[in-house]
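A short worksheet on the structure shown next.
Side chains included, hydrogens not; waters and symmetry mates left out as well; all remaining heavy atoms used.
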Amino acid sequence: MTARRTDLTAPRTPRGFADRGAAELAATRSMVEKIRKVYELWGFDEVETPFLEYTDALGKFLPDQDRPNAGVFSLKDDDDQWLSLRYDLTAPLARHVAENFQKLAKPYRSYRFGPVFRNEKPGPGRFRQFLQFDADIVGAASVAADAEMCMMMADTLDALGLRGKYVIKVNNRKILDGVMEAIGLGGEENAGRRLTVLRAIDKLDRLGTKGVKALLGEGREDESGDFTKGAGLEAPDIDKILQLLTAAEGGELISSDNHFQTLMGRTSSLNDNTTFHSGIVELIAISDICNKIGYNSERIRLDFSVVRGLEYYTGPVFEAELTFKIAGDDGKPIQFGSVGGGGRYDGLVGRFMAEDVPATGFSIGVSRLQAALAALKGPDEAAKTAGPVVVLALDRDRIGDSMALAARLRAEGVAAEVYLGSSGMKAQMKYADRRKAPVVVIQGSDEREKGEVTLKDLIEGAKAAAAISDRAEWTESRPAQVTVPEARLVEEVKAILKRHG
RNA sequence: GCCGCCAUAGCUCAGUUGGUUAGAGCGCUUGAUUGUGGAUCAAGAGGUCCCUGGUUCGAGCCCAGGUGGUGGUACCA
């Protein structure tokens with residue numbers, strides 16, 4: 001027996017990172033192409049930025065003030081400058097725009113796709129590297145740009161076959177800011193409490209009115225016994241916020257003056273606040289545009305509980321949510337929830353340059369959306385991808401003959417490979433089976449002498465085998481197999497492939 | 001980050017109050033029936049019982065710390 005080696009390295013992917021196989025990559029590719037097509041149809045140009053940025057170019061908007069450096073992978077360059085892996089595609093875009101400001105035609109419409117990295121606790125379906133696909137308009141202050149973003153996001157999900165299975169929820173940060181001003185939380189000194197209030201509102205869909213109420217007041221204790229400190233608001237102020245959250249109930253985009261009046265009626269105590277009021281006016285404008293073009297409340301809706309990023313959004317915010325549930329492995333329904341979102345961030349480019357540059361955009365979580373699409377299709381779909389035709393190598397001295405057969409198939413555009421291992425025929429058949437080969441090409445000495453090849457249709461054969469339980473019958477029938485002259489190889493293989501689409 | 005649960009073969013899991021050489025099913029490899037995937041039969045490979053330390057005559061089992069996973073929660077740009 002061999003001695004145990006102690007110098008072996010354990011093969012392992014880093015925590016929260018994953019290898020991706022052919023089927024998954026193919027699904028990503030097809031998704032990405034569909035999304036790209038929509039973006040380009042709307043007149044967006046692709047741009048690519050590096051994975052690494054100088055930390056200060058990303059850093060100011062790290063959201064969690066308690067742990068300003070957590071969440072990001074950073075390293076020090078040889079000139080002592082800190083670099084970080086990008087954690088989204090928006091901050092790098094802001095840098096790109098500021099750096100090339102004179103060259104770019106504005107409003108600048110661009111899209112980006114690629115991996116982003118977050119150094120935080122991974123979970124099921126949640127990785128430390130994942131894909132995003134963003135689109136942004138920089139240099140357009142009008143809410144018409146925000147309306148475009150909502151509509152394009154809807155188009156994108158439509159293109160992915162999700163019509164009727166999602167909703168784009170729209171809100172405006174000015175509305176939330178206005179409410180907080182109205183209850184005396186304006187000004188620098190209340191920034192911390194405003195954050196707490198926004199976080200509480202963001203949890204409405206998960207914790208319900210009751211949970212949010214607790215978080216706005218004293219605080220809330222969760223099932224594990226952990227206590228989350230609340231915002232400490234007075235009861236009448238809490239009511240004002242809850243009143244707002246329910247004001248958009250019915251889930252309609254404000255489509256007319258009539259709706260506007262109704263809404264204003266429901267939020268009467270807040271309408272004197274100018275910030276709040278201008279937020280409402282902006283939403284009406286977005287709503288008018290969307291409705292005019294035919295994006296009704298089936299696709300785009302008003303929802304005052306949408307908060308999104310806590311730091312940099314300044315105006316309209318939107319979130320794409322999948323509305324269907326899927327049965328998980330344990331039978332419990334899984335709600336996929338948010339698969340993307342965005343909003344207006346008028347201050348983000350401005351931190352690189354003296355002038356403010358208005359911008360709006362959104363991001364699609366490709367990895368998450370792909371998981372949802374896969375779950376929607378069911379597990380069988382992924383297994384259907386066909387492998388190459390496998391040419392068996394029965395006679396080791398004549399491997400060149402096998403390679404010549406494969407070459408002929410390739411020359412006609414049929415994916416083909418020769419078995420290059422050292423096992424016998426049975427193992428080679430098994431190999432072809434596992435490769436998901438649709439066809440196996442067999443040429444042993446028998447066939448070669450007669451100038452023939454035997455072709456076996458593995459897909460048809462598998463069906464036939466299911467009906468056979470008797471050994472003799474199996475041997476006898478040689479299911480789904482034909483022997484043809486070598487000259488007809490390509491033609492016959494193509495015919496079999498065609499039968500299976 | 002905080003709280004809880006879990007860790008035995010490639011996978012899913014057994015493993016008695018702490019007691020000899022740690023098991024099963026599936027999968028994998030090889031062979032038989034034939035030069036052919038399935039079925040059947042036979043044989044075989046595969047384990048630091050997560051790691052380190054402790055208790056004990058003796059630890060897969062008990063204790064402590066660590067690591068990894070998982071379920072909440074926090075955060076989610």
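- At the phosphate of B:C76, neither OP1 nor OP2 sits under 4.0 Å from any side-chain N or O atom of A:Arg126.
- Remark: B:G4 base-pairs with B:U70. Criterion, Watson-Crick or G-U wobble with two distances under 3.5 Å.
- No more than 12 heavy atoms of other residues, nucleotides or ligands lie within 6.0 Å of CZ in A:Arg396, so this atom counts as exposed by the packing criterion.
- Counted within 6.0 Å of CD on A:Glu48, heavy atoms from surrounding residues, nucleotides or ligands total 12 or fewer; the atom is thus considered open.
- A:Tyr419 and A:Tyr431 have their aromatic ring centers within a separation under 6.0 angstrom.
- Under the Watson-Crick or G-U wobble criterion, with both distances below 3.5 Å, B:C28 is paired with B:G44.
- Between A:Tyr111 and A:Phe44, a ring centre-to-centre spacing not shorter than 6.0 Å is recorded.
- One N or O donor and one acceptor, one from the side chain of A:Lys121 and one from the base of B:G72, sit under 3.5 Å apart.
- Residue side chain A:Arg308 does not reach the base of B:A77 through any donor-acceptor N/O pair under 3.5 Å, judged by distance alone.
- Across all strands, A:Leu392 comes closer than 4.0 Å to no nucleic acid atom at all (heavy-atom distances).
- OP1 or OP2 of B:U30 lies within a sub-4.0 Å distance of a side-chain N or O belonging to A:Ser423.
- Note on A:Lys203: a side-chain N or O is less than 4.0 Å away from OP1 or OP2 of B:C75.
- Nearest-nucleotide assignment on RNA chain B puts the 5′-proximal partner with A:Gly424, out of A:Gly424 and A:Asp433.
- Within 4.0 Å (heavy atoms only), A:Ala462 reaches at least one base atom of the nucleic acid.
- Distances shown here put a side-chain N or O of A:Lys426 below 4.0 Å from the OP1 or OP2 atom of B:G37.
- Of the side-chain N and O atoms in A:Arg434, none sit less than 4.0 angstrom from OP1 or OP2 of B:G37.
- For B:G37, its base never sits under 3.5 Å from the side chain of A:Gln481 at any donor and acceptor pair.
- Both distances falling under 3.5 Å, in either a Watson-Crick or a G-U wobble arrangement, occur for no nucleotide opposite B:G18.
- For A:Ile442, counting side-chain heavy atoms from C-beta on, the closest listed nucleotide (B:A77, B:G35, B:C28) is B:G35.
- The A:Ala427 side chain lies nearest to B:U30 when the options are B:U30, B:G69, B:A77.
- B:C61 is unpaired under the criterion used here, namely a Watson-Crick or G-U wobble arrangement in which both key atom distances are under 3.5 Å.
- For an aromatic pair to be called close, the ring centres must be under 6.0 Å apart, and A:Phe117 with A:Phe130 fails this.
- No engagement by A:Gln428 is indicated, since no non-hydrogen atom pair under 4.0 Å with the nucleic acid exists.
- Contact annotation for A:Asp457: base contact, defined as any heavy-atom pair under 4.0 Å involving a base atom.
- Across all strands shown, A:Lys456 has heavy atoms under 4.0 Å from base atoms, whether or not it also approaches the sugar-phosphate.
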